[in-house]
Structures are given as C-alpha cells and as structure tokens.
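A, B, ... follow the sequence lines: proteins, then strands. Residue 1 opens every chain. Quick caveat: nothing in here was measured; it's all calculated off a predicted structure.
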Amino acid sequence: MKQIRTRFAPSPTGYLHVGGLRTALYNFLFAKKNNGKFVLRIEDTDRSRYVEGAVENLIETLKWCNLTYDEGPDVGGPFGPYIQSLRLEIYRKYAHELVQKGHAYYCFCTTERLEKLRQKQIEQRLPQVKYDKYCLRLSEEEIEEKLEQKEPYVIRLNVPENNVIRFNDVIRETVEFDSNNIDDQILLKSDGYPTYHLANVVDDHLMQISHVIRGEEWLSSTPKHVLLYEYFGWEKPVFAHLPLLLNPDRSKLSKRQGDVAVEDYRAKGYLKEALINFVALLGWNPGNDREFFYLDDLINLFSLDRVNKSGAVFDLKKLQWLNGEHIRKKSVEELLPFLKDELKKSKYASLNLCDDYLKLIIESMHERIEFVHEILTKGYYFFQRPEEYESQSIQKHWKKETPEHLRLLISEFENLDEPHKHDYELALNSIAEKLQISKSKLIHPLRLSLSGMSAGPGIFDLLYILGKEEIKIRVEAAIEKISTMQINIT
RNA sequence: GGCGCCUUCGUCUAGUGGUCAAGGACGCCGCCCUCUCAAGGCGGAGAUCACGGGUUCGAAUCCCGUAGGCGCUACCA
C-alpha cells in the first residue's frame, strides 16, 4: 500500500490560529495513526503579507503542542525545500509546461481593465463575475511581441466550458461544480510568484502528499485544483475538507470576538494538553462517551470518517473545564514548574520560596483550580498576609467570644512540637471540647484569620502549610483588626 | 447576486429505517459528602431532531422543496 503522507501548509501571517491548530492536529493524527509521514510546508507566496519571524513562531508553537513533523523547513527531508518562496523556479517551470500543453495561457491584461470588466459584469447582473478569456485569443506573434517588450504578464488556467467537475471528499462525499462558474484562475502572478492554487498542487504532488486535509474554506477552489491534477496528468490526493471553527454568533472564528492565536491561550494559562484535547473534539468524536484524551490516545482513536460536516462553536467554558481536568490529572511535581513560572511573572517574584513549600500549596489547591495562576489569586494568602477580611464571613462567624477562643487555640498550638496536620486537628478538637463548642465555631474564624477568606483548602492543611509562627502572627493581627472594624458583632 | 457546503438541547455532540415522545459532555439548578470552597456522587431543567411535503406498516435517519447560517466569488491564503 502507498505510504500515507499528510501536510500542514500554513501561510506565515504571524501566529498559529486555533483553527490551524485543529487542521494541523488532524493531519498529524491521521499520519501517525496510519504509520505515515506528517510534513510542514510554509506557503509564503504572498510577498505583501510577509511577517517577520512568523515562520519561527509557527514552528515554535507547533513544537510546544508536540505536533512534531517528519519533514519541514527546519528539519529538512527528501522533498525540500519546504518553504515555497524557495521553490519559485519549480512553479515557473510547471506553469510554462501547462501553457505549452494549452491548459494555461499568458494574460497581459492590466488591473485597470480587469477592474472595468468586473464592474461591467456586476452592472449587467451577470450570474458570475469572471475573466473573459480575452488574452486566450491573442495570436502567437502578439504574445511573442509582448513578451519581448517585457510587458508584465500572468499565467491563467484555461478552464473548459460546459464541463462538470466532480470530485470525492471523505467528509462531504461527492461534490460537483459546473465549470462555467469557475474563473480562469491566475496561476503565476506578474511578480513571478505562484498563487496558492498552483503552488499547492505542484507541491502536494512533488511531496507525494496522499491526503489533503484542510479547512472548508478551500472546498470551492478544489475544482481548480482537480483540473490542475488532470492537466498535469497527476494522481489526485484524497480530499478531506474540515468544518470551520466558529465564533459564538456562528460566524467564522475571528480575532474580533476573542483570542484566536494558540500563543494567546498559552499565555492565559491553558495547558497544551487541554487545548489539543478540546480542539480535537471540535468536529470529531471517538463514537463513545469518552472526552478526556492525551495526544497518544487521539492517535490511536482518530479516523477521518468520524469527522463532522458542520461548523463548531469554540466554547471557552468547555475548554476551561478541560483545562481543570488536565490539571487534576497532573502530579504536584509536574505542576511545580508552572507555579514557579506564574510566580516569576507576578508581584511575588522576589519571594524565593522553597519547592517543598510550593508543593504543599499545589497539593492543597490542586482540585480547586482550572488554571495554575488561580493559585496566586484564590490562594494569595500563601504568599502574603491577608490585609482584608471578607465582611460576610465576619458577620457570619466572628462572635464576641471568638478572640478569646482563638487565643486559647493558638496557645494550645504553641505547645506542639513540630506539629503535623493531625496534631493541629487533635489540638483543635481538644479546645473545642474544653469550650463545649462545635469545631466549626473555631474553624471558620480561624480560616478567616489566616486567609481573609471563607473558601479554601481544608483548615488543617492550611495550618500545616503556614506553620506555628505564622499562624500566631496572623491570628493576632486578625483579632486586632477585626475588633477595631466596628462591625455589628453579635 | 452567483456557486458550494451545512442545519439534533444555549454550546460540543451520539444517532446511518423500528430498542428514540432522542443518549452523553460543558454550562445552569438542586441534593449528598463536608470545617468552607472545590473535587466527587446522585438528580433536575433543557431539542415537537430548521420548516414543509413525500416514500414507508414505521423516519432524526431515505427523497424533493423552502428557509436560515456559513464559506468562496483577488495578481490573499
């Protein structure tokens, strides 16, 4: 059987779009699943859209996602170069071959004439706006002369009239187009660069791509590609046009309505595992109820015939949930570098806390967060003393006798020698018993004193992490501050 | 405007002629667990399967039409 080869062929416009990530992922998964090769090819045939550093950024992001390719600009391969601007001679050669065969032709029309033509056709309410094949009627002598005089030209595809172009798509089955609706596409621009259509087909053939898996926006130009394969006498790849990713209002996913760059999500604290997992499920499912996957699981399970036809809204809420799921699956050890990283970026950068302390914090916050950076907000009291105390919680839990109880409690803690969680618990139990009150009468104001909040990890974890000394300082500070707050304490 | 693609709970989806007055997940609500918040467990609300016609004993599933959405319609990709 023929080797499976797929490719991800982005144009370097500055960053990797999440839609591009999904496309790259499906290409990667399909190749890996079938013991094939996955190729990265840069489609930089539009000089006006060149963005400095975009290729490096793309490669960096793909690597971050673990979507490793077998061949590509930086890793090489047998069909290089993998950057289209380095292959200009190849496209030129094939464009001219098509001219020779009569399937393409020189066109010397100026943009002015083209614009006028378009206007006229629109005014006439013609069903389709397209080139009138004017230059196809040029005689050989005329062409020779214009060429000699160095008149700028493009090469256009000679689309046949009254033809039905039919092709098969794995996802959409048979798709048909009337050739009369297809424009004589420019293949080679006047600056000598190819358009997408030519470069794409030539490279896919030369690089022996077996499956073209790309976004649905390409479906309507596929008949042009089909024509090119036929004119060159090349075997067509299998086509699979993926459903689009959508904004909440169901328009095509765009920058205006939120983040679209993978690096944005990365910067916001999304794990690559969550992003991959989420994006994989946008348009594909394994056929059962499972929703949690790592990349390797996806390789095993993926198949093109379980890809949907309709566009999918990019739902942040679900992504967030998945991020939480992936965080929960990670060990404290794995999460440590993430926390350190967040700390480095924060106002706590100069704190210099030891790993053991940080690991205890992670352990206690592990199931309470969807982002690692939430440890710094929801658990800010691990990094600084509370300056304020939730007034609702004061109202509810801070009684007249609370200061006295807390003082008793910390003096009991004083007696403990290198206490562990359990020791704090025993100490608290015994004080509660001595005072003839429920444990929660102590726990709630204690938590408030230590963290300023009413929510958080188990109280004994909190005590243990903070330690005797710090507990004492915080409790005393809380008693001081809260009693001067003049809130109605009952 | 033309051409193409699409259409099941708010969202992602299962479903390929009878087991579907439609199952799961996110989100939302409630209960349990519990020192709080989470996590977890249990339960609830939520889709007359875009609409209208057919075919069939029987349709979310097949056919036709309509509507809506989206994409393409560049010397952009």
Side-chain angles (χ1 to χ4, degrees), chain A residues 9-13 43-46 48-49 107 109-111 114-115 118 121-122 125-130 152-156 169 171-172 175-178 180-183 185-197 199-200 214-223 241 243-244 246 248-252 278 281-292 306 308-322 324-325 328 365-370 378 393 396-397 425 428 438-444 446-448 451 453-460 462:
Chain A
S11 65
T13 51
E43 310 225 329
D44 58 343
T45 55
D46 184 0
S48 66
R49 292 221 286 180
C107 172
C109 291
T110 61
T111 47
L114 258 22
E115 190 46 43
R118 230 190 309 270
Q121 288 175 341
I122 291 169
R125 301 245 163 109
L126 253 43
Q128 64 274 321
V129 177
K130 55 176 200 173
Y153 68 89
V154 301
I155 290 179
R156 307 187 88 112
D169 183 284
I171 296 163
R172 284 148 221 288
V175 184
E176 275 185 12
F177 288 82
D178 183 339
N180 295 330
N181 289 321
I182 300 168
D183 202 0
Q185 183 63 235
I186 290 177
L187 301 175
L188 200 70
K189 299 183 251 187
S190 58
D191 63 3
Y193 278 64
T195 56
Y196 171 89
H197 309 282
N200 193 265
R214 72 219 317 183
E216 199 200 313
E217 68 266 31
W218 294 110
L219 192 61
S220 356
S221 38
T222 305
H241 288 93
L244 260 20
L246 272 24
D249 69 358
R250 306 204 74 86
S251 56
K252 188 174 163 183
F278 176 64
L281 257 12
L282 255 25
W284 173 87
N285 70 81
N288 56 41
D289 289 341
R290 183 171 171 196
E291 294 202 291
F292 185 92
R306 290 208 62 87
N308 292 147
K309 299 176 200 299
S310 54
V313 173
F314 196 89
D315 179 16
L316 276 212
K317 277 276 169 37
K318 191 150 189 176
L319 210 207
Q320 276 165 27
W321 167 75
L322 262 176
E325 289 285 295
R328 267 164 245 137
M365 295 298 286
H366 207 165
E367 297 201 323
R368 280 163 250 267
I369 52 166
E370 281 179 335
K378 290 184 172 178
S393 187
K396 200 167 169 194
H397 301 297
E425 187 165 5
L428 188 137
S438 71
K439 291 189 291 178
S440 60
K441 287 267 188 317
L442 290 171
I443 289 174
H444 291 299
L446 218 210
R447 173 190 302 288
L448 185 65
S451 71
M453 302 175 80
S454 58
I459 191 70
F460 304 111
L462 186 54

### Message
Would you say A:Arg328 and A:His366 are linked by a side-chain donor-acceptor pair, where the criterion is simply a distance under 3.5 Å?
### Response
no
### Message
Using a 4.0 Å heavy-atom cut-off, does A:Arg214 contact any base of the nucleic acid, only the sugar-phosphate backbone, or nothing at all?
### Response
nothing
### Query
Roughly how far apart, to the nearest Å, are B:rC28 and B:rG71 at atom P?
30 Å
### Query
Atom NZ of A:Lys130 and atom C1' of B:rG1: how far apart are they, to the nearest Å?
16 Å
### Message
How many whole angstroms separate atom CD1 of A:Ile171 from atom C1' of B:rG4?
### Response
15 Å
### Query
Looking for any heavy atom pair under 4.0 Å, which part of the strands does A:Thr111 touch: base, sugar-phosphate only, or nothing?
base
### Message
Closer than 4.0 angstrom, basic N to acidic O: yes or no for A:Glu216 and A:Lys309?
### Response
no
### Message
Can you check the distance between B:rG43 and B:rG24, where both ends of the measurement are the P atom (answer in whole Å)?
### Response
10 Å
### Separation of the P atoms in B:rG52 and B:rU13, to the nearest angstrom
25 Å
### Task
Take the protein atom NZ of A:Lys309 and the nucleotide atom P of B:rU16, then report the distance between them rounded to whole Å.
15 Å
### Message
For the C1' atoms, the ones on B:rA59 and on B:rC12, what distance do you get once it is rounded to whole angstrom?
### Response
25 Å
### B:rC29 versus B:rG46 - spacing of their C1' atoms, nearest Å
11 Å
### Touch class at under 4.0 angstrom, heavy-atom based, for A:Glu176 against every strand present
sugar-phosphate
### Minimum-distance nucleotide (side-chain atoms of A:Asn285 versus B:rA25, B:rU11, B:rA14)
B:rA14
### Message
I'd like to know if A:Arg172 reaches the base of B:rC5 with its side chain such that a donor and an acceptor end up less than 3.5 angstrom apart.
### Response
no
### Task
Check whether any side-chain heavy atom of A:Leu446 lies under 4.5 Å from a side-chain heavy atom of A:Leu462, and answer yes or no.
no
### Message
Taking pairing as Watson-Crick or G-U wobble with both contacts under 3.5 Å, can you name the mate of B:rU16, or confirm there isn't one?
### Response
none
### Message
With a 3.5 Å limit on both atom pairs, tell me what B:rG65 is paired to, counting Watson-Crick and G-U wobble, or say none.
### Response
B:rC51
### Query
Whole Å only: how far is the CD atom of A:Glu367 from the P atom of B:rA38?
13 Å
### Query
In the 5'-to-3' direction, what one-character label does each nucleotide of nucleotides 28-37 of chain B receive under the scheme B = base within less than 4.0 Å of a protein heavy atom, S = sugar-phosphate only, - = no such atom?
-------BBB
### Message
Counting C-beta onward and ignoring hydrogens, is there a side-chain heavy-atom pair between A:Lys441 and A:Ser438 closer than 4.5 Å?
### Response
yes
### Task
Assign A:Gln121 to base, sugar-phosphate, or nothing according to its heavy-atom contacts below 4.0 angstrom with the strands shown.
nothing
### Where protein sits on nucleotides 63-71 of chain B, one letter per nucleotide: B base, S sugar-phosphate only, - none, heavy atoms under 4.0 Å
-------SB
### Query
Quantified in whole Å, what is the P atom distance between nucleotide B:rC26 and nucleotide B:rA38?
16 Å
### Toward the 5' end of RNA chain B, by each residue's nearest nucleotide, A:Trp321 or A:Arg328
A:Trp321
### Query
Do A:Asp46 and A:Arg49 sit within salt-bridge range, that is, some charged N less than 4.0 Å from a carboxylate O?
yes
### Task
Using heavy atoms to find the nearest nucleotide of RNA chain B for A:Val154 and A:Asn181 separately, return the residue whose nucleotide is more 5′.
A:Asn181
### Query
Side chain of A:Lys378, backbone of A:Met365: donor and acceptor closer than 3.5 Å?
no
### Query
Starting at CG of A:Asn308 and ending at C1' of B:rU11, how long is that distance when rounded to a whole Å?
14 Å
### Message
In terms of relative ring orientation, are A:His444 and A:His397 parallel, tilted or perpendicular, with 30° and 60° separating the classes?
### Response
parallel
### Task
Check every atom of B:rA74, B:rC12, B:rG24 against the side chain of A:Arg118 and return the nucleotide holding the closest atom.
B:rA74
### Task
Give a yes or no on whether a donor-acceptor pair under 3.5 Å exists between the nucleobase atoms of B:rA25, that is its base, and the side chain of A:Lys318.
yes
#### Entry: Partner nucleotide, any strand, of B:rC26 [Watson-Crick/G-U, under 3.5 Å]
B:rG10
#### Entry: Working for side chain to side chain donor-acceptor pair (under 3.5 Å), residues A:Thr13 and A:Ser11
CA-CA 6 Å; A:Thr13 51; A:Ser11 65; 4.8 Å; no
### Query
If pairing requires Watson-Crick or G-U wobble contacts with both distances under 3.5 Å, which nucleotide is the partner of B:rC37?
none
### Task
Find the distance A:Phe177:CZ to B:rC5:C1' and express it as a whole number of Å.
8 Å
### Message
Between A:Arg172 and A:Pro243, is there a side-chain heavy-atom distance shorter than 4.5 Å?
### Response
yes
#### Entry: Rounded P spacing from B:rG53 to B:rA22 in Å
22 Å
### Message
My understanding is that a pair needs two contacts under 3.5 Å, Watson-Crick or G-U wobble. By that rule, which nucleotide pairs with B:rC70?
### Response
B:rG4
#### Entry: Pairing of A:Glu291 and A:Lys318 as salt bridge, 4.0 angstrom limit
yes
### Task
Round to a whole Å and report the spacing from CG of A:Asn180 to P of B:rG1.
21 Å
### Message
Using whole Å, what does the distance between atom C1' of nucleotide B:rC76 and atom CG of A:Asp183 come to?
### Response
15 Å
### Query
When you compare B:rA21 with B:rG27, how far apart are their C1' atoms, in angstrom units rounded to a whole number?
25 Å
### Message
Within the 4.5 Å heavy-atom criterion, are A:Thr195 and A:Thr45 side-chain neighbours or not?
### Response
no
### Query
For B:rC76, does OP1 or OP2 lie under 4.0 Å from any side-chain N or O of A:Lys189?
yes
### Sub-4.5 Å side-chain heavy-atom contact between A:Gln128 and A:Asp178
no
